[in-house]
Every structure is written in structure tokens, then in C-alpha cells.
K.L.:
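Structure incoming, see below.
This chain uses plain numbering: 1 for the first residue, then up along the sequence. Everything quoted here is computed from the prediction, not taken from an experiment. Every heavy atom of this structure was used, including side-chain atoms; hydrogens, water molecules and symmetry mates were not.
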Amino acid sequence: MANVFQRRLAHHYDELKWLYIELYRDEGAFRYFTEMLERCWKGRKKALRDQDARREADPGWYRRRDLLGMMLYVDAFAGNLRGVKDRLPYLEECGVNYLHLMPLLASPKGRSDGGYAVSDFRSVQPELGTMDDLEALADACRRAGVSLCLDFVMNHTSEDHQWAKKARAGEPGYGERYFFYDSWDIPREFEKTVPQVFPTTAPGSFTQLEDGRIVMTNFYPYQWDLNYANPVVFNDMTENLLFLANRGIDVIRLDAIPYIWKELGTDCRNLPQVHTLARMLRMVCEIVCPSVLLLGEVVMEPAKVAPYFGTPEKPECHMLYNVTTMATTWHTLATGDVSLLKRQMETVCALPRDFLFLNYLRCHDDIGWGLDYPWLARNFAVDEVAHKRYLNDWFTGKFPGSCARGELYNDDPRLGDARLCGTTASLCGLEAAEYERDPFKLERALACDLTLHAWMLSQSGIPVIYSGDEIGRLNDDTYHDDPDKREDSRYIHRGAFQWEAAGHRNDPDTCQGKLFQGLRRLEAIRAGEPCFDAGADVWVGDSGDRRVLALCRRSGERELVCLFNFSGQFVRAGVDRAGNYTELMYGTRYGDIRTVELWPNGFAWLLRDQEPS
């Protein structure tokens with residue numbers, strides 16, 4: 001069996017050593033690193049090694065069109081890890097075969113940043129269970145054909161982590177794991193070029209401790225940035241990652257990966273060394289646990305996102321979030337104009353087909369308006385600050401005619417740079433319609449919600465649903481009454497799963513039933529239609545109307561035209577494609593798809609009829 005490890009190591013050894021030594025200039029640290037990799041491989045149980053062999057023989061296993069993801073908070077969904085295991089039949093009913101558990105590792109109550117301030121990478125938050133419970137859940141998921149995803153917070157640790165405690169106490173070797181300074185001279189130089197992550201809730205990038213020393217804290221003051229220029233940090237964090245992989249985690253989400261290398265005089269984002277580390281982590285997985293995937297969290301514009309895929313010869317992350325398309329989708333809903341989204345999708349469609357995105361509408365985080373403002377300014381005379389204000393006013397229901405109900409996060413009136421929070425259903429108008437008891441608005445909101453999900457499912461990659469969206473979960477305002485949460489408006493969409501509402505999912509006369517059954521039908525169509533293959537040809541068509549986006553997909557002789565009306569009006573639009581078409585969701589037949597009638601915020605999936613052979 002050792003030959004398997006040696007074969008994989010030998011395949012990557014020269015490149016791995018070259019990159020490591022170029023970065024760290026330390027032969028002893030590299031020797032320790034490779035010994036650690038072998039130790040982790042030996043600790044990998046048979047069921048995981050068997051899965052490694054299967055997936056190694058089928059490297060495209062995660063590109064199947066029937067993959068459907070869901071992200072959820074363990075406590076909100078089922079109380080604890082054992083509860084999630086008991087609820088696997090519900091997830092199976094949802095069609096989920098990729099499950100992302102939001103941060104669940106040990107973190108201090110009240111100073112956890114939603115679980116992203118980790119105090120122990122090898123322990124679970126006690127109220128959620130134990131590491132044995134996590135491994136038992138991973139085993140159950142594997143038997144059920146569900147891949148399990150977990151966050152790995154690379155950039156920082158909690159100030160309560162044992163490394164931080166020892167660094168604070170002055171123990172040798174631990175201060176070097178972070179960025180400590182005795183005066184503000186160097187920190188002030190950093191802050192001249194480093195953008196602030198949370199300018200209102202946690203301004204600045206450094207925190208002064210009680211003893212007068214200053215430590216780098218790019219996120220919150222209780223999150224101390226790790227110094228990856230120290231090989232000990234990279235070695236130990238890699239071992240922590242492999243510890244989780246050996247518990248049965250299939251997908252490791254690399255949180256805030258662009259931030260992990262710091263260099264004075266730069267913005268400390270996307271530096272070349274980050275890509276060196278990402279490439280080494282990819283090789284580590286291929287050596288120790290080739291069934292494990294790396295998911296990069298890069299919340300930036302496409303030009304800075306795509307490099308994290310690496311190259312075909314030297315890949316980095318297996319998958320990346322399609323953040324820009326998500327934000328542009330909500331912009332398009334608020335403006336009723338698809339011009340920017342069309343441009344965005346033309347960029348995405350031009351990328352290599354090997355690049356795999358995770359597509360989503362909502363997640364645990366806020367929506368940041370990182371749009372292409374130079375292009376909007378050139379083509380539509382859009383002012384960035386004014387446009388951000390418009391979007392936030394629209395989605396908080398302040399703009400006349402808007403039925404959206406959201407809340408702002410990190411509102412900075414000076415820059416107009418607030419981000420947005422809220423569930424898909426509430427942002428689509430379902431909350432306002434139910435409050436007003438307006439059946440007309442209710443149908444419009446349901447149509448909008450379903451159309452946005454159809455749009456997400458139409459894109460290439462893995463679609464991921466935020467838990468509760470399958471039943472139209474509304475905003476949860478109770479966080480305002482919790483002193484540990486009230487300052488973070490992201491908790492408005494992190495509330496408890498509404499199991500009572502889920503009980504109506506099979507009743508077609510309820511909102512929950514209409515959304516759940518509609519979504520399940522969309523997912524089943526996607527899983528069965530070859531045009532949704534990851535390797536299909538995809539291009540943006542000309543709908544002839546700025547309110548309607550046309551996305552075309554082709555696999556062999558099969559051709560699918562997807563039309564999406566982002567406006568609140570009835571629209572007649574389409575594409576100039578020959579042949580007869582059948583709408584897959586409702587079965588309507590068309591002899592001409594140049595002028596298809598679309599309902600307000602409606603869509604159509606049009607499959608061209610096959611010519612008889």
C-alpha cells in the first residue's frame with residue numbers, strides 16, 4: 001500500500017520541492033512536510049482510500065449535471081450533527097448530493113464571526129457535537145452518495161487558539177506565527193495600501209493588545225492573521241486540513257484565500273505567493289487524498305477569480321464561487337436591464353470549460369455590489385455611489401414600487417458602500433406579499449423566486465441552494481433580540497429552519513409547495529438533459545430586448561434556449577433559431593421562438609425538437 005503514496009508523491013515531488021524551497025529556503029522544513037504528508041496518508045481509513053481510488057479513476061466525477069448542493073448551519077437546520085444525520089432523508093428528498101456545513105469548528109461565543117474565528121481546528125463546537133459525530137455524519141453521507149463540504153479558515157485564527165495564547169504569553173516560536181509589532185511604524189505603512197475589510201464594524205487592519213504590542217487583524221480584532229512566510233504555519237495548517245480530510249470531508253472550502261500572503265507596500269491581496277500556496281495544497285490533496293476537492297472563496301471580479309483555477313498543467317482550486325454573476329443577477333432584478341449580466345455571462349462563457357464554478361443566489365454572507373462600474377459608467381452614465389444607494393434602497397423596500405425586504409450590512413454613508421442581507425424569498429417580494437395579503441403580489445414573488453433558481457440552474461457548474469430557499473424561507477428578525485447577534489445583520493438570513501413550513505412542501509396550494517415542487521421539477525429536468533453537461537457549448541444569444549437574457553446551450557445535436565425576463569412586465573422576446581421547440585417546464589410547443597411571450601419575472605427552457613433520423 002505504501003507504494004500508492006510513493007507513486008503519488010514521486011509524480012509531484014520535483015515541482016512540490018521546487019515551489020516549497022523557492023518560497024521558504026528551508027530543506028529541513030520540507031523534509032518535515034513530506035514526512036507529515038506520509039503520516040496523514042497512513043492515517044486515512046480504508047473507506048476513504050477506496051473512495052480515493054474510485055475518484056482517481058474518474059477524475060471528472062464532480063462535473064456531473066445531476067450534482068445539486070445545499071449549504072446550511074447545523075444548529076439552525078437540525079440542532080446538532082446527529083440531528084443532521086437524522087435529517088438526511090429530507091436532504092435526499094430535496095435531491096441534494098453535495099452538502100456544505102457552515103463553520104462548526106470550535107470558536108469563542110460572542111467572538112466567533114459566525115464560526116470563522118477558529119480556536120481549535122480539530123474540535124467541534126460542543127453544542128453541535130464532537131469530532132466523532134462529524135465523522136459519523138461524513139460516513140453516513142458517503143453511504144448515501146452525498147459529498148460533504150466544510151470551511152477551512154486559512155487566513156487567521158481566533159485569539160483564543162493555543163498558538164495565539166502562547167504568542168501572547170511570549171513563548172518562543174509562536175509570535176512568529178502571526179504579525180507582531182512593538183510600535184505603529186510598520187502597521188501604519190501597511191494601512192497606507194491595504195483596503196479595510198470591515199470599515200465600519202472593525203476599522204483598520206491592526207489591533208493593539210493590553211501589553212502594548214500590535215498584531216495584524218485584517219478582519220475582526222479577535223481574528224489574528226497567520227504569517228504564511230513562516231513554513232511552520234504552512235506545515236501545521238496543511239496538517240489541520242488533512243486532519244479534516246481524514247474525518248471524511250470531501251470538499252474543503254478555502255476561506256478568504258486571496259488574503260493569506262502579506263507583503264509591505266502591496267494591498268496584500270492575490271499576491272503571487274498565494275498561488276504558490278494554492279498550487280502546493282492541490283498537490284498535497286492529489287498525493288494524500290485525491291478524492292478531496294478544494295473550493296476557493298474568491299469574492300472578487302472575474303479577472304482576479306479565474307487565476308485561482310491555475311492552468312491545465314498546474315491546477316490550483318478544483319472549484320470557485322461565481323460571486324460576480326450572483327451579485328450581477330440581483331442588480332439585474334433591481335434594474336430590469338440585462339445588459340451588464342449579458343456582458344458578465346459572455347466573459348464566463350469565454351473561459352475554458354475545465355473551469356468549474358459553484359453557482360448560487362444566496363449564501364450565509366451578505367451581497368456586496370462589486371459590479372463593473374467603469375463599464376456601467378461608459379455605457380449608461382452610472383455613478384457608482386448613487387447606483388449602490390439605488391440597489392440598497394430597492395432591496396430594503398425604500399424605493400417606490402419595490403416589494404423587496406432586506407437589511408443593510410456594514411453601512412458606510414460616506415462611501416455608499418453598504419452590503420445587503422436577506423433571504424431569496426424576502427428579496428423577491430414574498431415577505432411583503434404575505435404581510436399585505438396580496439395574492440397578485442404573491443404570485444409575482446413566487447414566479448420571481450422560481451425564475452431566479454431556473455437561471456442559477458441554467459449556468460454551467462454546480463448549483464448550490466441556501467437551506468430554506470427550497471421552501472421560500474423568509475427573513476428572521478429575531479436576531480435583533482440576541483445580544484451576540486444583533487450587531488450583525490447577516491443573521492437575518494441565518495435563522496432557524498422552518499420545519500413547520502417545510503411540512504407543506506408537498507401541498508401545491510401553498511407557497512412552500514409551489515416553490516419546492518417547482519424547484520424539484522427544474523432540478524430533475526436539469527439532471528436528465530444533456531444540454532446541461534459541464535462540457536456543453538454555451539453562449540449568450542440576442543433576445544432583442546434589454547429586459548430579457550437569452551442563454552443557449554448545445555450538446556451534440558441537442559440545443560436548449562433559456563430565456564429570462566428580469567422585468568415586471570409581460571415581454572415578447574426570443575432568439576432567431578430555426579426549428580420547433582418544446583418548453584420543458586410546462587410542455588408548451590413553439591414553431592418560432594423569435595417572439596416568445598414571457599410573464600413578468602418569468603422564464604422559458606426551450607428544447608429544439610430532434611430531426612427524425
K.L.:
Can you name the residues that form a ring pair (Phe, Tyr, Trp, His ring centres under 6.0 Å) with Y73, not counting sequence neighbours?
P.N.:
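With sequence neighbours excluded, Y73 shows a ring pair (Phe, Tyr, Trp, His ring centres under 6.0 Å) to no residue whatsoever.
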
K.L.:
Do the side chains of R343 and D372 get close enough for a salt bridge, i.e. N-O under 4.0 angstrom?
P.N.:
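Salt bridge present between R343 and D372.
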
K.L.:
Between L452 and T329, is a side chain to side chain contact (heavy atoms under 4.5 Å, CB included) present by the stated rule, with each step listed?
P.N.:
CA-CA 8 Å; L452 290 186; T329 294; 4.0 Å; yes

K.L.:
Is a donor on one side and an acceptor on the other found under 3.5 Å between the side chain of S489 and the backbone of L408?
P.N.:
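Confirmed, S489 side chain pairs with L408 backbone.
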
K.L.:
Is it the case that the side chain of R279 and the backbone of P315 share a donor-acceptor pair, with hydrogens and angles ignored and the cut-off at 3.5 Å?
P.N.:
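Judged by distance alone, yes, a pair lies under 3.5 Å.
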
K.L.:
Could you walk me through whether W261 and N270 pass side-chain hydrogen bond (donor to acceptor under 3.5 Å, both in side chains), step by step?
P.N.:
CA-CA 8 Å; W261 193 275; N270 307 298; over 6 Å; no

K.L.:
Spell out, as yes or no, whether a donor-acceptor pair under 3.5 Å connects the side chain of R353 to the backbone of G535.
P.N.:
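Between the backbone of G535 and the side chain of R353 there is a qualifying donor-acceptor contact (under 3.5 Å).
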
K.L.:
Under 6.0 Å between ring centres, would you say that holds for F357 and F309?
P.N.:
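Ring-ring flag for F357/F309: true, centres closer than 6.0 Å.
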
K.L.:
Write down the atom of A536, the atom of R553, and the distance for their closest heavy-atom approach.
P.N.:
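Nearest pair, atom of A536 first, then R553: CB-NH2, 4.0 Å.
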
K.L.:
Could you walk me through whether R547 and D337 pass the salt bridge (Lys or Arg N to Asp or Glu O under 4.0 Å) test, one step at a time?
P.N.:
CA-CA 5 Å; R547 295 168 293 180; D337 188 319; over 6 Å; no

K.L.:
Keeping the roles fixed (side chain from Y228, backbone from M154), state whether a donor-acceptor pair exists under 3.5 Å.
P.N.:
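Yes, because the side chain of Y228 sits within donor-acceptor range (under 3.5 Å) of the backbone of M154.
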
K.L.:
So, D113 side chain and G115 main chain: donor-acceptor pair closer than 3.5 Å or not?
P.N.:
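Pair absent, no side-chain N/O of D113 close to backbone of G115.
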
K.L.:
If you draw a 6.0 Å radius around CZ in R64, do more than 12 non-hydrogen atoms from other residues or ligands fall strictly inside?
P.N.:
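Yes - once you tally the heavy atoms of other residues, nucleotides and ligands closer than 6.0 Å, there are more than 12.
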
K.L.:
Look only at the side chain of S426 and the backbone of E431, and say whether a donor-acceptor pair between them is shorter than 3.5 Å.
P.N.:
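Flag not set: sc S426 to bb E431 has no pair under 3.5 Å.
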
K.L.:
Answer whether the closest heavy-atom distance between the side chains of L430 and L446 falls below 4.5 Å.
P.N.:
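Answer yes - side chains close enough.
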
K.L.:
With the threshold set at 4.0 Å, does a side-chain nitrogen-carboxylate oxygen contact exist between K262 and D225?
P.N.:
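Salt bridge between K262 and D225, a charged N being under 4.0 Å from a carboxylate O: yes.
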
K.L.:
Compare every heavy atom of A573 with every heavy atom of L563, then report the nearest pair and how far apart it is.
P.N.:
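Taking every non-hydrogen atom into account, CD1-O, 4.0 Å.
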
K.L.:
Once the angle between the rings of F234 and Y20 is folded into 0 to 90°, is it parallel (under 30°), tilted (30 to 60°) or perpendicular (over 60°)?
P.N.:
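Aromatic pair F234/Y20 classed tilted.
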
K.L.:
What I want to find out is whether D488 reaches R490 closely enough, with some N-O distance under 4.0 Å, to be called a salt bridge.
P.N.:
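R490 and D488: salt-bridged.
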
K.L.:
State whether the number of non-hydrogen atoms from other residues, nucleotides or ligands found under 6.0 Å of E22 atom CD is greater than 12.
P.N.:
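Result for CD/E22: enclosed.
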
K.L.:
Which is it for E407 and H480 under the side-chain hydrogen bond (donor to acceptor under 3.5 Å, both in side chains) test, yes or no, and what are the steps along the way?
P.N.:
CA-CA 12 Å; E407 289 190 8; H480 289 291; 3.0 Å; yes

K.L.:
Quick test of your reading of the model: are R558 and E529 salt-bridged, counting only N-O distances below 4.0 Å?
P.N.:
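Judged by the 4.0 Å cut-off on N to carboxylate O distance, R558 and E529 do form a salt bridge.
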
K.L.:
Please identify each residue that fulfils ring pair (Phe, Tyr, Trp, His ring centres under 6.0 Å) with W599, with sequence neighbours left out.
P.N.:
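So W599 forms a ring pair (Phe, Tyr, Trp, His ring centres under 6.0 Å) with F570.
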
K.L.:
Enter the distance from Y24:OH to T276:OG1 here, rounded to the nearest 0.5 Å.
P.N.:
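Here the rounded value is 9.0 Å.
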
K.L.:
Check L101 against L150 and note the closest heavy-atom contact, atom names and distance.
P.N.:
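Looking at all heavy atoms of both residues, the closest pair is O-CD1, 3.7 Å.
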
K.L.:
How are the rings of Y181 and F206 set to each other: parallel, tilted or perpendicular (split at 30° and 60°)?
P.N.:
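Y181 vs F206 ring planes: perpendicular.
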
K.L.:
Evaluate the ring planes of W455 and F566, with Trp represented by its six-membered ring, and classify them as parallel (under 30°), tilted (30 to 60°) or perpendicular (over 60°).
P.N.:
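Correct class here is perpendicular.
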
K.L.:
Would you sort out whether H364 and Y116 count as a ring pair (Phe, Tyr, Trp, His ring centres under 6.0 Å), showing the intermediate values?
P.N.:
CA-CA 12 Å; H364 70 289; Y116 288 97; 5.6 Å; yes

K.L.:
Taking the six-membered ring for Trp and the full ring for Phe, Tyr or His, determine whether the centres of F179 and W224 are under 6.0 Å apart.
P.N.:
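No, too far apart.
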
K.L.:
Does the ring pair (Phe, Tyr, Trp, His ring centres under 6.0 Å) test come out yes or no for Y360 and Y321, once each step is laid out?
P.N.:
CA-CA 8 Å; Y360 64 105; Y321 285 106; 5.7 Å; yes

K.L.:
Please verify the inter-ring angle class for W605 with F603; under 30° counts as parallel, over 60° as perpendicular, anything in between as tilted.
P.N.:
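Geometry flag for F603 against W605: perpendicular rings.
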
K.L.:
Output yes when a side-chain donor or acceptor of E583 lies under 3.5 Å from a complementary backbone atom of M585, and no otherwise.
P.N.:
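Side chain of E583 to backbone of M585: a pair is present.
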
K.L.:
Salt bridge or not for E189 and K192, using N-O below 4.0 Å?
P.N.:
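Here E189 pairs with K192 in a salt bridge, since their nearest N and O are under 4.0 Å apart.
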
K.L.:
Is there a side-chain contact between L522 and L450 (heavy atoms, below 4.5 Å)?
P.N.:
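L522 vs L450: side chains touch.
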
K.L.:
Name all residues meeting the ring pair (Phe, Tyr, Trp, His ring centres under 6.0 Å) criterion together with H100; count only those two or more places apart in sequence or in a different chain, and write none if there are none.
P.N.:
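Residues passing ring pair (Phe, Tyr, Trp, His ring centres under 6.0 Å) with H100: none at all.
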
K.L.:
Does a salt bridge link D592 with R577, judged by any charged N lying under 4.0 Å from a carboxylate O?
P.N.:
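Not counted as a salt bridge, because no side-chain N and carboxylate O are separated by less than 4.0 Å.
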
K.L.:
So, does R65 use its side chain to make a donor-acceptor pair with the main chain of I462 at under 3.5 Å?
P.N.:
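Side chain of R65 to backbone of I462, a donor-acceptor pair under 3.5 Å: no, none is there.
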
K.L.:
Hey, are D449 and H453 close enough side-chain-wise for a donor-acceptor pair under 3.5 Å?
P.N.:
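There is such a pair (donor and acceptor under 3.5 Å, judged by atom type) between the side chains of H453 and D449.
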
K.L.:
Which heavy atom in F564 sits nearest to a heavy atom in A454, and how many Å separate them?
P.N.:
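That would be CE2-C, 3.8 Å.
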
K.L.:
Considering all heavy atoms of both residues, which atom of G370 and which atom of T324 are nearest to each other, and what is their separation?
P.N.:
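Smallest interatomic distance, heavy atoms only, reads O-CG2, 4.4 Å.
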
K.L.:
Ignoring hydrogens and geometry, is there a side-chain-to-backbone donor-acceptor pair from T451 to N601 under 3.5 Å?
P.N.:
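Checked: pair present.
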
K.L.:
Do NZ/NE/NH1/NH2 and the carboxylate oxygens of D469 and R362 come within less than 4.0 Å?
P.N.:
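Judged by the 4.0 Å cut-off on N to carboxylate O distance, D469 and R362 do not form a salt bridge.
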
K.L.:
Where do L361 and W330 come nearest, in terms of heavy atoms and distance?
P.N.:
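Minimum heavy-atom separation between L361 and W330: O-NE1, 3.0 Å.
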
K.L.:
Determine yes or no for a side-chain-to-main-chain donor-acceptor pair under 3.5 angstrom, with E297 supplying the side chain and A256 the backbone.
P.N.:
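Side chain of E297 to backbone of A256, a donor-acceptor pair under 3.5 Å: yes, one is there.
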
K.L.:
So, for Y590 and Y581, is the gap between ring centers shorter than 6.0 Å?
P.N.:
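When the ring centroids of Y590 and Y581 are compared, they turn out to be at least 6.0 Å apart.
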
